[in-house]
S.K.: 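Attaching a single structure in structure tokens format; questions to follow.
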Amino acid sequence: MKKNILIVLFLSVYTFSNAQNSNLEINRIYKPIERVQKKDSSYLKNAIFLKNDTLIVTSSKIKNSFLLDLGVIDSCFIEQYKNIVFGDKEYRNKYKKKEIKLWTSTIKVFFAKNVKPYLKNEMLSLFEKIDYKIDGISIEVVNQKNKSNYFIYTIDNKKHTTELYPNINSKNDISYSLQSNNKNHFYFGALRINTNKVFNKKEQVYKMKEMFIRTLGGFTLSSSLNCNSFLSDCYSISKELSENDIELINFHYKNIFDQEINYRTYEKILKKYNSSKEKASHKYAKIKI
Amino acid sequence: MFKFIKKNILIAFSLFTLVSHSQDSIKYKNHPHFYMPIKQYVKEFGTISKKDSLQFMFKDKDTLVLLSADKKPNSVSVQYEYRDSVFLNIYKEVVFNKSKQKKWSEKKLRMKYWKDDIKLFFDKSVSKDTKQELIKFTKELSKNVDSLTIYEVSKKEDSNYFIYEINEKNSYRYDEKVKGKDGVNYYVNWDGRQRLYKCTLEINSLILFNKTFLKNSVIQDFFKSLGQFYNTELLDCESIFSGCYKENNSYLTTLDLELLKYHYSFGINKGTDLLTFEEQHAKAKKELKEHNHKMNFIHIE
């Protein structure tokens, strides 16, 4: 009896609180009506009437409604993807709050003067490869710090000992810091290596590249990937950007989400996508969760 | 069978009462009481009404009358300002954080605003560009929003809004209460009537090393400190309430400015919580619809 009451109570509160949000129009852009030439039939939905003006919504999206093109999903590949974005299955509980995040603006990198040439050159060649092979990511190198949004510097005990970016964790040999906005889009990043702690040149290059690749999506390393991949948790000093890395990152950037998507939400999306009809014909699928 | 129905009616009834929010009267807590001696009252307002005579207080040899809201000293009566529900829904998100408020929480979030003029003082550490941009922005706000006046003062001791910057030359944190890691943060104080009266804004250009982002963040956070505003997903990146970082210099949309203007208008009671706010609007709208009459809201200094 008690159990029944509790279930009924819970369900009613849950449905009451969710009923109002099923078609919530978010990310609205409002414009004064005089400035809008083409109006569709529902242009007065969510319009705002002011004394001297009427503002109408010219662009918006429905919350939890997506237009996705995920192609034909390979079950093994999608598991790898979920592992790098939300963490390996065994550890996923630790990363409960992990959400899909990505860059939607050009990554403008600035190297501090103390970054040694061999390191800088290796990073430049990596940027070229990523910029070329991954749609959706563009990387530029700029000469002025105040025009950049991604700062790379090194620390060594002799000359440079203070953290040039306050949010970097100074305890780590190599550390990064990313800032994202409310839509989970990255807009700021910093990457730092301590060359006194990481003393092998090849290891410095390997670690910097690995960390940079991770900052493209806040990715975690996974045991489900082949050892030659940068996104694999396997240590190997002679890694190059693998086909698997490229495929996974391209998949990450194939659809841009404008709201917070955690593991549970993503599973719901995949379920609906798999049962939708469009997936076979490579068209965009309209999904509502 | 009968027992089953009885049990479920009870459940259904208790659910119904749980789910519907109803309040009989709007309780205005901590409302100051003003009393006036009977002779003075008659002199100023004429005869005593039946209602007033129920509120007598006897002190020493005098009889005092409790003043109703409209007769209180330094009180201003303002007519209800109508706003449509779409506008109000957005307003409730940015002021009360409506959709993210925990339904069962004890703490009731109340809307906050600056009653006095905002007197800015910039520490030497603040870069010229940032200072100029902010002063330009605040001048526009003062011009466009009634009841909001912002200006710079030359002495720290005359100010109520202090701005400083952490950069390569300055690492001193004037107020450790200012918390946050995103490069611009503020700490604001308010009184028992939800009036903001003091603020410290910290800029960290070591974190926000991109000039455009820094300027945008300073403007955004300053704007937010005018009402402890929240971000909302209802509005896209062009809005200052979206929490996005823009790379252009247009800081406010028409709607953003309207929301701020409304926040600083007095056609509804100030310093209220969400429930009271909604109830007052419902009452006022009903008055308007049924009797074509605009309710008056009384504001006391």
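Computed from a predicted model, the values in this text were never measured in an experiment. All values below come from the heavy atoms of this structure, side chains included, with hydrogens, waters and symmetry mates left out. All chains are named by letter (A, B, ...) in the order of the sequence lines, taking the proteins before the strands, and each is independently numbered beginning at 1.
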S.K.: Taking all non-hydrogen atoms of both residues into account, name the closest pair between B:N210 and A:N149 and its distance.
M.R.: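 Answer, listing the atom of B:N210 first, then A:N149: ND2-N, 4.5 Å.
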
S.K.: I need the B:D236 CG to A:K61 NZ distance, nearest 0.5 Å.
M.R.: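 Reported to 0.5 Å precision, the distance equals 11.0 Å.
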
S.K.: To the nearest 0.5 Å, what is the distance between NZ (B:K261) and NZ (A:K51)?
M.R.: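 Interatomic distance, B:K261 NZ to A:K51 NZ, rounded to 0.5 Å: 9.0 Å.
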
S.K.: About how many Å separate SG of B:C237 and CG of A:D258, when rounded to the nearest 0.5 Å?
M.R.: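 So the gap between those two atoms works out to 8.0 Å.
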
S.K.: Return yes when atom NZ of A:K254 has more than 12 non-hydrogen atoms of other residues, nucleotides or ligands closer than 6.0 Å, and no otherwise.
M.R.: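 Above 12, so yes.
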
S.K.: How close do B:L234 and A:E25 get, heavy atom to heavy atom, and via which atoms?
M.R.: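 In this case the closest contact between B:L234 and A:E25 is CD2-O, 3.6 Å.
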
S.K.: Going from OG1 on A:T162 to CG on B:L206, what distance comes out if it is rounded to the nearest 0.5 angstrom?
M.R.: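 That separation rounds to 9.5 Å.
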
S.K.: Could you tell me whether A:K116 atom NZ has more than 12 heavy atoms of other residues or ligands within 6.0 Å of it?
M.R.: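 Incorrect, the count does not exceed 12.
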
S.K.: For B:T253, is it the side chain, the backbone, both or neither that has a heavy atom under 4.5 Å from a heavy atom of chain A?
M.R.: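 Neither part.
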
S.K.: More than 12 heavy atoms of other residues, nucleotides or ligands under 6.0 Å from CG of B:D146: yes or no?
M.R.: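 No, the 6.0 Å shell around CG holds no more than 12 heavy atoms from other groups.
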
S.K.: Taking side chain as everything from C-beta outward and backbone as N, CA, C, O, which of these in A:I48 sits under 4.5 Å from a heavy atom of chain B? Side chain, backbone, both or neither.
M.R.: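 Interface part for A:I48: both.
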
S.K.: Find the one option among A:S148, A:S59, A:S180, A:S60 whose heavy-atom pairs under 4.5 Å with chain B are most numerous.
M.R.: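 The option with the most such pairs is A:S148.
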
S.K.: Quick check: does any side chain N or O of A:N146 sit under 3.5 Å from a backbone N or O of B:K211, one acting as donor and the other as acceptor?
M.R.: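 The answer is no, because no donor-acceptor pair under 3.5 Å joins these two groups.
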
S.K.: Relative to each other, are the rings of B:F209 and A:Y165 parallel, tilted or perpendicular (30° and 60° limits)?
M.R.: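 Plane angle over 60°, so perpendicular.
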
S.K.: Is A:F151 in contact with chain B via its backbone, its side chain, both, or neither, using a 4.5 Å heavy-atom distance?
M.R.: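 For A:F151, backbone and side chain are both near chain B.
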
S.K.: More than 12 heavy atoms of other residues, nucleotides or ligands under 6.0 Å from CZ of A:F127: yes or no?
M.R.: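 Above 12, so yes.
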
S.K.: To check you understand the geometry: which heavy-atom pair defines the closest contact between B:G243 and A:N181, and what is its length?
M.R.: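 Closest approach of B:G243 to A:N181: O-CB, 3.4 Å.
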
S.K.: Can you confirm whether B:E233 sits close enough to A:K63 that some side-chain heavy atom of one is under 4.5 Å from a side-chain heavy atom of the other?
M.R.: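 Yes, their side chains come closer than 4.5 Å.
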
S.K.: Based on non-hydrogen pairs under 4.5 Å, which of B:I90, B:N204, B:I207 is most in contact with chain A?
M.R.: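 Top option by heavy-atom pairs under 4.5 Å: B:I207.
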
S.K.: Name the region of B:D182, side chain, backbone, both or neither, that has any atom closer than 4.5 Å to a heavy atom of chain A.
M.R.: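 Interface part for B:D182: both.
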
S.K.: Taking the side chain as C-beta and beyond, is there a heavy-atom pair between A:L164 and B:E168 under 4.5 Å?
M.R.: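 Side chain of A:L164 against side chain of B:E168, heavy atoms only: no contact under 4.5 Å found.
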
S.K.: Do A:Y30 and B:V86 have side-chain heavy atoms sitting under 4.5 Å apart?
M.R.: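 Side-chain contact under 4.5 Å: yes.
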
S.K.: So for A:A190, is it side chain, backbone, both, or neither that comes closer than 4.5 Å to the heavy atoms of chain B?
M.R.: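 Contact with chain B is absent: no heavy atom of A:A190 under 4.5 Å.
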
S.K.: Is chain B contacted by the side chain of A:K183, its backbone, both, or neither, given a heavy-atom distance below 4.5 Å?
M.R.: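 The side chain, not the backbone.
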
S.K.: So what's closer than 4.5 Å to chain A heavy atoms on B:E258: side chain, backbone, both or neither?
M.R.: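 It is the side chain, since no backbone atom gets that close.
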
S.K.: Considering only heavy atoms, which portion of A:F188 lies under 4.5 Å from any heavy atom of chain B: side chain, backbone, both, or neither?
M.R.: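 Just its side chain gets close to chain B.
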
S.K.: For the residue pair A:Q179 and B:K181, what are the closest heavy atoms and their distance?
M.R.: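 Result for this residue pair: NE2-O, 3.8 Å.
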
S.K.: Looking at every heavy atom in both A:N182 and B:N231, which two are closest together, and how far apart are they?
M.R.: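 Minimum heavy-atom separation between A:N182 and B:N231: ND2-CB, 3.3 Å.
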
S.K.: In terms of heavy-atom pairs under 4.5 Å, which option from A:D53, A:N46, A:N27 contacts chain B the most?
M.R.: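 Heavy-atom pair counts peak at A:N27.
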
S.K.: Taking side chain as everything from C-beta outward and backbone as N, CA, C, O, which of these in A:I29 sits under 4.5 Å from a heavy atom of chain B? Side chain, backbone, both or neither.
M.R.: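 Both parts, backbone and side chain.
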
